[in-house]
Peer 1: 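I'd like to ask you about the structure that follows.
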Amino acid sequence: ESANADGRHARQISSRAAVAQAALELVRETGELPSADAIAERAGVSRRSVFRLFDDREALLRSVVELMQRQVLDRFPPPAPRGEPGQPWTHRVGELRRLVAHRASIYEDVRPVRRLAEQLKTRDRLVREHMARSRELDRSHLAAFLSWFFDQAEPNAQPLCERVDEAAFAGGARSADSSRRAVLDAVQLVISWNAWEYLRFDLGQSREEAEASVVRTLVAILGAGGRIAAGGMMPAAALPITVPVPDRGRVGARALVRAD
């Protein structure tokens, strides 16, 4: 009897995973939570099994969101910054571009499911909690990247995070930890799903344009440290960092961001 129970439990887990995978595939294809009939057909189970395995549509969508996030972690592992401390500014900007391109790939991939999750989170506590855990994981990845970025400053220079913070807060007295948190908050906002959705669909930017907008903003935030260290003036020997900005009316248009 115990063996039979174990077998039923294993089949239930397998069927539940198949239904969640089928629903995820259909959401990606249609942008909507599909009907029980469509899910059952794709998963190879009966319609009754869908309702038996999940109490309601919200429970099914929670499983879809969880499955999507596990797959995202497998398919898009966070890129580790390349290079030991002491890399020049141009190298660091290149790593920013890699970071933004990585996030863009994730956001483009998860868009249909994420939009459904955004609709559901206002009335589903478990979805809100799951998304909050995802944000904390994203934040830890960004913190690791910025720790590498901040450690590139000259050995005897004021820490870059403090210089960036001074640029934003007019030199207010803040601890190194609070400075890092403030800069991390700003970077997380700029590179967030909500910012990406605004650029892509409220402003109608292409993926390439949206990536360029995010990179330019990050360069402006993190480049503030170099400007404040130079007495609020852009150094004459500032390095030209070119960020491609596609122009719908012209081919090959580019914007020039000068930072140090």
Side-chain angles (χ1 to χ4, degrees), residues 1-79 99 101-144 188-189 191-202 207 210:
E1 184 176 349
S2 176
N4 289 337
D6 289 344
R8 285 194 300 271
H9 182 64
R11 287 193 296 274
Q12 184 180 40
I13 292 176
S14 177
S15 296
R16 187 179 176 89
V19 169
Q21 179 62 41
L24 175 58
E25 292 172 1
L26 290 167
V27 169
R28 289 186 183 280
E29 294 169 11
T30 66
E32 299 177 353
L33 190 60
S35 67
D37 289 333
I39 295 171
E41 181 179 359
R42 178 68 64 93
V45 301
S46 67
R47 185 175 187 273
R48 181 179 177 183
S49 293
V50 175
F51 291 108
R52 179 171 52 82
L53 293 165
F54 296 94
D55 294 334
D56 50 37
R57 290 170 66 86
E58 284 74 16
L60 175 58
L61 182 54
R62 283 197 297 270
S63 292
V64 168
V65 171
E66 292 170 2
L67 175 61
M68 175 201 71
Q69 292 190 335
R70 288 197 301 271
Q71 292 180 355
V72 163
L73 288 175
D74 290 339
R75 295 174 56 201
F76 302 101
L99 177 67
H102 173 262
R103 286 303 180 91
S105 295
I106 292 176
Y107 294 153
E108 293 295 303
D109 182 75
V110 306
R111 183 188 309 136
V113 181
R114 180 60 186 260
R115 284 179 169 178
L116 286 177
E118 289 288 337
Q119 297 171 19
L120 183 60
K121 73 177 183 181
T122 58
R123 61 180 187 273
D124 192 301
R125 176 182 58 82
L126 293 177
V127 168
R128 289 196 301 273
E129 291 176 354
H130 193 78
M131 294 176 73
R133 289 195 298 271
S134 178
R135 283 195 301 274
E136 286 304 309
L137 182 61
D138 287 344
R139 187 175 178 87
S140 69
H141 294 158
L142 284 177
Q188 188 171 23
L189 171 63
I191 205 168
S192 68
W193 156 264
N194 303 86
W196 185 258
E197 186 80 345
Y198 177 75
L199 291 170
R200 290 282 280 120
F201 299 100
D202 290 329
R207 171 174 171 166

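The figures that follow rest on heavy atoms only: side chains count, while hydrogens, waters and symmetry mates do not. Count residues from 1 along the sequence.
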Peer 1: If you take all heavy atoms of Ala20 and Ser63, which pair is closest and at what distance?
Peer 2: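 Shortest heavy-atom contact: CB-CB, 4.3 Å.
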Peer 1: For a 4.5 angstrom cut-off between non-hydrogen side-chain atoms, does His130 reach Gln69?
Peer 2: yes
Peer 1: Let me see the working for Glu197 and Arg115 under salt bridge (charged side-chain N to carboxylate O under 4.0 Å, His left out), right down to the final yes or no.
Peer 2: CA-CA 10 Å; Glu197 186 80 345; Arg115 284 179 169 178; 2.8 Å; yes
Peer 1: Please work out which of the three classes, parallel, tilted or perpendicular, describes the rings of Tyr107 and Trp196, given edges at 30° and 60°.
Peer 2: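 Rings of Trp196 and Tyr107: tilted, 30 to 60°.
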Peer 1: At what distance, to the nearest 0.5 angstrom, does OG of Ser46 lie from CZ of Phe51?
Peer 2: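 Here the interatomic distance stands at 10.5 Å.
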Peer 1: Does the Arg16 side chain pair with the main chain of Leu53, one donor and one acceptor, at a distance under 3.5 Å?
Peer 2: yes
Peer 1: Around atom CZ of Phe76, are there more than 12 heavy atoms of other residues, nucleotides or ligands at under 6.0 Å?
Peer 2: yes
Peer 1: Mark yes or no for whether Ser105, through its side chain, and Ala101, through its backbone, hold a donor-acceptor pair below 3.5 Å.
Peer 2: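 Confirmed, Ser105 side chain pairs with Ala101 backbone.
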Peer 1: Salt bridge check, Glu108 against Arg111: does any charged N sit closer than 4.0 Å to a carboxylate O?
Peer 2: yes
Peer 1: Salt bridge between Glu129 and Arg125, side-chain N to carboxylate O under 4.0 Å?
Peer 2: yes
Peer 1: Would you please test Arg135 and Arg139 for side-chain contact (heavy atoms from CB on, under 4.5 Å) and show each step?
Peer 2: CA-CA 6 Å; Arg135 283 195 301 274; Arg139 187 175 178 87; over 6 Å; no
Peer 1: Is there a donor-acceptor contact under 3.5 Å from the side chain of Ser15 to the main chain of Gln12?
Peer 2: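 No; judged by distance alone, with no hydrogens or angles, the pair does not exist.
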Peer 1: Taking the side chain as C-beta and beyond, is there a heavy-atom pair between Gln71 and Leu24 under 4.5 Å?
Peer 2: yes
Peer 1: Treating His141 as the side-chain partner and Pro79 as the backbone partner, does any N or O pair qualify as donor plus acceptor under 3.5 Å?
Peer 2: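 Pair absent, no side-chain N/O of His141 close to backbone of Pro79.
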Peer 1: Return the minimal non-hydrogen interatomic distance between Val110 and Met68, and the atom names on each side.
Peer 2: CB-SD, 3.5 Å
Peer 1: Do Val127 and Met131 come within less than 4.5 Å of each other through their side chains, counting heavy atoms only?
Peer 2: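 Yes - at least one pair of side-chain heavy atoms lies under 4.5 Å apart.
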Peer 1: Just checking Glu118: does its CD atom have more than 12 heavy atoms from other residues, nucleotides or ligands closer to it than 6.0 angstrom?
Peer 2: yes
Peer 1: Can you name the closest pair of heavy atoms from Ala18 and Ala43 and give their distance?
Peer 2: O-CB, 3.7 Å
Peer 1: Hey, could you give me the CD1/CG distance between Ile39 and Leu26, rounded to the nearest 0.5 Å?
Peer 2: 6.5 Å
Peer 1: Quick one: does Leu116's side chain get under 4.5 Å of Gln119's, heavy atoms only?
Peer 2: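 Side-chain contact under 4.5 Å: yes.
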Peer 1: Using side-chain heavy atoms (C-beta onward) and a distance below 4.5 Å, is Asn194 in contact with Leu189?
Peer 2: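 No - every pair of side-chain heavy atoms lies 4.5 Å or more apart.
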Peer 1: If I compare all heavy atoms of Asp138 with all of Arg103, which pair ends up nearest, and what's the gap?
Peer 2: O-NH2, 3.5 Å
Peer 1: Does a side-chain N-to-carboxylate-O contact under 4.0 Å join Glu66 and Arg62?
Peer 2: no
Peer 1: Is Pro34 close to Val27 at the side-chain level, that is, under 4.5 Å between some pair of heavy atoms?
Peer 2: yes
Peer 1: Less than 4.5 Å apart, side chain to side chain, heavy atoms only: is that true for Leu73 and Leu137?
Peer 2: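 In short, these two side chains touch, coming nearer than 4.5 Å.
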Peer 1: Donor-acceptor pair, Ser14 side chain versus Arg11 backbone, under 3.5 Å?
Peer 2: no
Peer 1: Work out which heavy atom in Ala36 is nearest to a heavy atom in Val50; give both atom names and the distance.
Peer 2: O-CG2, 4.1 Å
Peer 1: State, with a plain yes or no, whether a side-chain heavy atom of Asp56 is found less than 4.5 Å away from one of Leu60.
Peer 2: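 Sidechains of Leu60 and Asp56: no contact.
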Peer 1: Check whether Arg28 reaches the backbone of Asp109 with its side chain - one donor and one acceptor, N or O, closer than 3.5 Å.
Peer 2: yes
Peer 1: Might you point out which heavy atoms bring Leu33 and Arg57 nearest each other, and give the distance in Å?
Peer 2: O-NH2, 3.2 Å
Peer 1: Any salt bridge between Arg47 and Glu41, counting N to O under 4.0 Å?
Peer 2: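 Not counted as a salt bridge, because no side-chain N and carboxylate O are separated by less than 4.0 Å.
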